[in-house]
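We use all heavy atoms of the structure for the numbers below, so side chains are in, but hydrogens, waters and symmetry mates are not.
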Amino acid sequence: MSAPQIQQQPNVSQTNLFARLALSGAISCSVTHTAVVPVDVVKTLAQLEPDVYNKGTIGNFKLVIEKKGPTALLTGIGPTFTGYFLQGAFKFGGYEFFEKQFRNVLGNETAREYRNAIHLASSASAEFFADIVLCPLEATRIRLVSQPDFATGLVSGFTRLLKEEGFKGLYSGFFPIILKQIPYTMTKFAVYELALENILLALGKKSSDFSKSGQTVLFLSSGLIAGACSAIISQPADTLLSKINKQKGGEGSITSRLIMLTKELGPRGLFYGIGPRIVMVGLLTAGQFGIYGTIKNALVGPLLDHH
């Protein structure tokens, strides 16, 4: 079996091609992450204040509305949309770019044999660069959720954080964010590709045998499986990211602070908020692959068949 490859349309340059792929990824990530902002707010609060927000997903939703009002569920929507628009461009566009480079270096036969390793390496490489643009905006979002009076929105929050804490404040969560995002993205793409491949095997069909709506269902189903696995893998780092971005940087290096937080939280504490996060990540990952596959097919051309 071979990994899917992009059919480059005639008269479309490499730059134009990857720009279209990046746009597809930007739209898919920004739309899906923005759609689940309320779930993300509840998840973040459960991680930051587990003694207060410990009533389960539905109970925590009610508690947030009761304590902070319904608009609190939309806290951080600006940095979420902007951050994940940029991150999605680098993540999906970068994944396609690095995958193509590996195929070019290894050749099609070798690339086919080592397709799972290529998926892992391509996604890890892409996510590293995606996190560079995401980190400052994610720091702003978490500060807005944890300290509602910190700022009124994206611009004021980002500006205040930069002014008061500099780039150190914007990137204090970079180490935990790559600890979260790189394993998450590696799992996300590898499991997605594997799930899609095995679904087609079980059905005894190629992707071209399905209608456009049928292909979308394939993307959604594979994405849902990938999202659930990714959520579990990346949960401890997600909790640490929320904790370290909650307030101004403490004493000591980022590494020492992470070690201290890990000891304080313990295994159970690291998985606070896992319920809503599985729901959120499962749905948004399914949505991302559904939207990405649909837009990519329209802008770039269909995938070659999974064989």
Side-chain angles (χ1 to χ4, degrees), residues 32-84 134-154 156-158 160-161 165 169-170 172-173 176-177 179-181 184 227-228 230-250 257-258 260-262 264-285:
T32 51
H33 275 278
T34 301
V36 296
V37 161
V39 181
D40 204 19
V41 168
V42 172
K43 179 268 300 179
T44 300
L45 288 171
Q47 292 172 330
L48 296 176
E49 302 177 52
D51 293 336
V52 177
Y53 297 96
N54 55 10
K55 305 183 185 306
T57 304
I58 303 301
N60 284 341
F61 264 98
K62 293 179 179 178
L63 187 58
V64 171
I65 294 172
E66 178 185 320
K67 289 173 66 69
K68 301 173 180 286
T71 57
L73 292 173
L74 297 179
T75 303
I77 195 168
T80 296
F81 179 86
T82 306
Y84 283 97
L134 174 64
C135 190
L137 292 152
E138 183 69 356
T140 304
R141 181 194 71 81
I142 291 175
R143 190 65 62 87
L144 291 174
V145 172
S146 63
Q147 299 177 22
D149 59 347
F150 182 76
T152 57
L154 167 60
S156 59
F158 183 90
R160 180 178 172 184
L161 195 56
E165 301 180 35
L170 292 173
S172 63
I177 208 172
L179 286 180
K180 178 188 84 168
Q181 288 294 133
Y184 160 77
S230 301
I232 296 169
I233 289 292
S234 59
Q235 175 65 18
D238 187 65
T239 300
L240 291 172
L241 178 65
S242 294
K243 291 287 187 182
I244 209 164
N245 276 325
K246 182 180 179 181
Q247 298 176 339
K248 290 185 178 182
R257 289 167 61 197
L258 286 173
M260 181 182 68
L261 282 170
T262 302
E264 287 178 0
L265 291 167
R268 182 178 179 183
L270 289 171
F271 282 89
Y272 277 129
I274 185 64
R277 189 159 189 268
I278 287 176
V279 173
M280 181 188 75
V281 175
L283 292 176
L284 75 83
T285 303

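Side-chain atoms of Glu138 and Tyr84, non-hydrogen and from C-beta on, do get closer than 4.5 Å to each other. Taking the side chain as every heavy atom from C-beta outward, Asp149 and Gln147 approach each other to under 4.5 Å. Proximity of Val279 to Thr57: side-chain heavy atoms (C-beta onward) are nowhere separated by under 4.5 Å. Between Val37 and Leu73 there is no side-chain heavy-atom pair separated by less than 4.5 Å. Looking at Val52 and Leu63, their side chains come closer than 4.5 Å, going by heavy atoms from C-beta outward.
When all heavy atoms are compared, the tightest approach of Thr140 to Gly157 is CG2-C, 3.8 Å. Across all non-hydrogen atoms, the minimal contact from Thr285 to Val281 is OG1-O, 2.7 Å. Nearest heavy-atom pair, Ile232 versus Ile274, reported as atom, atom and distance to 0.1 Å: CA-CD1, 4.3 Å. Nearest heavy-atom pair across Ala46 and Asn60 is CB-ND2, 4.2 Å. Considering all non-hydrogen atoms of both residues, Ala72 and Val64 come closest at CB-CG1, 4.1 Å. In terms of heavy-atom proximity, Pro79 sits nearest to Leu137 at CB-O, 3.4 Å.
Annotation: the span from Ile278 atom CD1 to Leu283 atom CG amounts to 11.5 Å, rounded to 0.5 Å. Expressed to the nearest 0.5 Å, how far OG1 of Thr80 lies from CG of Leu74 amounts to 10.0 Å. Taking OG of Ser230 as the start and NZ of Lys180 as the end, the distance is 11.5 Å to the nearest 0.5 Å. Between the CZ atom of Arg141 and the CG atom of Leu134 there is a distance of 9.0 Å, given to the nearest 0.5 Å.
Thr262 pairs by the side chain to side chain donor-acceptor pair (under 3.5 Å) definition with nothing, not counting sequence neighbours. Scanning for side chain to side chain donor-acceptor pair (under 3.5 Å) contacts around Thr239 gives Gln47, Gln235, with sequence neighbours left out.
Listed by first then second residue, pairs satisfying salt bridge (charged side-chain N to carboxylate O under 4.0 Å, His left out) with a partner in residues 270-285 read Asp238-Arg277, not counting sequence neighbours.
Screening Asp40, Leu45, Val41 against Lys43 for a side chain to side chain contact (heavy atoms under 4.5 Å, CB included) leaves a single residue, Asp40.
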Exercise. Hey, mind stepping through Leu161 and Phe150 against side-chain contact (heavy atoms from CB on, under 4.5 Å) and telling me if it holds?
Worked result: CA-CA 9 Å; Leu161 195 56; Phe150 182 76; 4.1 Å; yes
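Between Glu165 and Arg143 there is a salt bridge, since a side-chain N of the basic residue sits under 4.0 Å from a carboxylate O of the acidic one.
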